[in-house]
Amino acid sequence: MTKQLTLFSTEELMSTQAVRDSFDPARLTQARRLAGITKQALGDAVGVSGAAIGQYEAGVSPRPEILGLLARELGQPVAFFAMGRPIGKLDVSQAHFRSLRSTRASERLKATSFVEQVWEVTFALEKRVAFPDVNVPFNEADSSMSPVEAARALRSYWEMPNGPVPNLVELMERNGIVVSLLALRGEQDETARVDAFSTTALNRPIVVVTPERARSVYRHRFTCAHELGHLILHRELAVGDPRQEREADAFAAEFLMPRSEIEPVLPATMNLPRLGQISQKWGVSPEALVFRMQELKGASDVSVRRAYQKLRSGNRQEASVADYPGEVPMLLTEAMKVADKFGFSIADLANELRWAPERVRQVLGFVDERPRLTLVR
């Protein structure tokens with residue numbers, strides 16, 4: 001439905017005129033993708049054609065009154081569309097998406113625009129707060145190394161002790177990887193389809209997991225390990241190859257459940273109560289352990305199928321990530337708290353980024369302020 005043009009005050013016209021004179025078309029594209037709206041739909045909403053929106057995104061500056069309407073429709077301050085600040089442009093082809101086939105192109109565009117904003121927040125904070133150095137051996141991994149060998153090599157490189165990984169996200173963040181929960185507006189179904197993704201295309205590796213995955217701490221941990229596998233194994237490779245997804249799964253399984261350590265503790269036969277105990281200690285799902293039973297103990301297809309059926313039919317209540325704050329992304333929120341102590345507030349960051357303060361809080365991860373505990377299994 002076409003919206004009528006709205007009259008603006010003199011002050012609004014002056015501000016929009018100033019922004020028009022320094023209009024950044026990339027910002028309009030980013031805001032539109034974040035809103036999940038097509039050019040035609042946006043044009044209809046502000047009273048112009050979809051072709052006109054395409055022209056704006058190609059570099060034609062919209063009239064001040066149209067610019068104001070675009071800002072209101074997309075939920076951005078008018079100043080958001082001005083040039084003069086860095087933007088981390090990310091192409092969809094530069095991000096590894098889990099469940100790629102079930103993810104719509106518009107959802108991938110929305111997700112990559114979110115990563116661009118994560119990068120902007122990180123870039124702004126790194127000017128004021130010392131982040132951990134990126135300690136991911138991108139260039140040291142032998143291209144002939146299998147996913148299992150790469151997982152073992154990374155555990156050695158990070159000098160990890162034997163046994164379970166107590167706090168995977170915390171470990172990743174200590175090694176310079178930004179981990180984030182996807183924070184988009186009003187699209188629970190879409191974020192569930194996006195699932196998870198990662199990229200090394202910006203100056204710091206970023207892993208994004210959706211709230212859907214965070215409902216189960218076990219799924220969340222395996223998903224993060226899967227994306228870590230992409231960062232190690234597939235940095236220079238074109239994304240979208242199903243083989244890469246299988247390799248990332250193999251990496252995650254070995255990283256979280258090293259064969260040399262998990263094989264001796266697995267039962268000789270499919271014993272679900274025993275697997276449940278191992279699940280709690282190692283921070284992995286019983287389903288993942290059933291798969292390891294087949295892979296390492298030679299469990300038959302029939303026993304594996306029955307085990308999966310019993311697990312699906314049970315009334316298990318798995319703990320969410322919120323119950324294990326060592327698995328909650330904290331790097332950006334902690335950096336913001338440090339910056340705030342030295343006089344740089346969220347309002348200051350919003351002003352620098354030219355975002356609404358609430359959006360800054362969402363991308364930082366301040367949506368939920370529950371106290372932090374430590375995952376100990």
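Values below: every heavy atom of this structure, side chains too, minus hydrogens, waters and symmetry copies. Since we're looking at a predicted model, the values are computed, not measured.
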Indicate yes or no for a side-chain donor-acceptor contact from [X] to the backbone of [Y] under 3.5 Å, with no hydrogens or angles considered.
| X | Y | result |
| --- | --- | --- |
| N351 | D348 | no |
| R292 | M257 | yes |
| H230 | S198 | no |
| E73 | L42 | no |
| N271 | R274 | yes |
| R361 | P357 | no |
| D24 | A26 | yes |
| T112 | R108 | yes |
| D323 | S320 | yes |
| E254 | A151 | no |

Does some side-chain heavy atom of [Y] sit less than 4.5 Å from a side-chain heavy atom of [X]?
| X | Y | value |
| --- | --- | --- |
| T223 | T210 | no |
| F114 | S180 | yes |
| P267 | M293 | yes |

(message) Applying the salt bridge (charged side-chain N to carboxylate O under 4.0 Å, His left out) criterion to E120, which one of R204, R27, R359, R354 satisfies it?
(response)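 Per the salt bridge (charged side-chain N to carboxylate O under 4.0 Å, His left out) rule, the option paired with E120 is R27, out of R204, R27, R359, R354.
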(message) If the condition is salt bridge (charged side-chain N to carboxylate O under 4.0 Å, His left out), which residues does R20 pass it with, not counting sequence neighbours?
(response)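 Salt bridge (charged side-chain N to carboxylate O under 4.0 Å, His left out) check on R20 returns nothing, list empty.
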(request) Measure the spacing between CG of D301 and CD of Q294 and express it to the nearest 0.5 Å. (result)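 These two atoms lie 5.0 Å from each other.
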(message) Within this structure, what is the CZ-CG distance for the pair R63 and L69, rounded to the nearest 0.5 Å?
(response)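 Answer for the CZ-CG pair, R63 versus L69, is 9.5 Å.
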Please say yes or no: joined through hydrophobic side-chain contacts below 4.5 Å, possibly via intermediate residues, are [X] and [Y] part of one cluster?
| X | Y | value |
| --- | --- | --- |
| L266 | L311 | yes |
| I87 | L109 | no |
| Y157 | V165 | yes |
| F342 | L125 | yes |
| M83 | W355 | no |

For the student: nearest non-hydrogen atoms of [X] and [Y], plus distance:
| X | Y | answer |
| --- | --- | --- |
| I53 | L28 | O-CD2, 4.4 Å |
| A250 | P147 | CB-CB, 4.0 Å |
| A31 | Q76 | CB-CG, 4.0 Å |
| A196 | V209 | CB-CA, 4.4 Å |
| V19 | A79 | CG2-CA, 3.9 Å |

(message) Quick one, F344 with L349, criterion side chain to side chain contact (heavy atoms under 4.5 Å, CB included). Give me CA distance, side-chain angles, the key distance, then yes/no.
(response) CA-CA 7 Å; F344 185 75; L349 179 57; 3.7 Å; yes
(request) Look at E352 together with R85 and state whether they make a salt bridge at an N to O cut-off of under 4.0 Å. (result)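 Answer for the salt bridge query: no.
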(request) Could you tell me how the ring of F251 sits relative to the ring of F255: parallel (under 30°), tilted (30 to 60°) or perpendicular (over 60°)? (result)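 Taking F255 first and then F251, their aromatic rings lie parallel (interplane angle under 30°).
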(request) Please list, chain by chain and in numerical order, all residues satisfying side chain to side chain contact (heavy atoms under 4.5 Å, CB included) with L202, sequence neighbours excluded. (result)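 For L202, the residues satisfying side chain to side chain contact (heavy atoms under 4.5 Å, CB included) (neighbours in sequence not counted) are V115, W119, I206.
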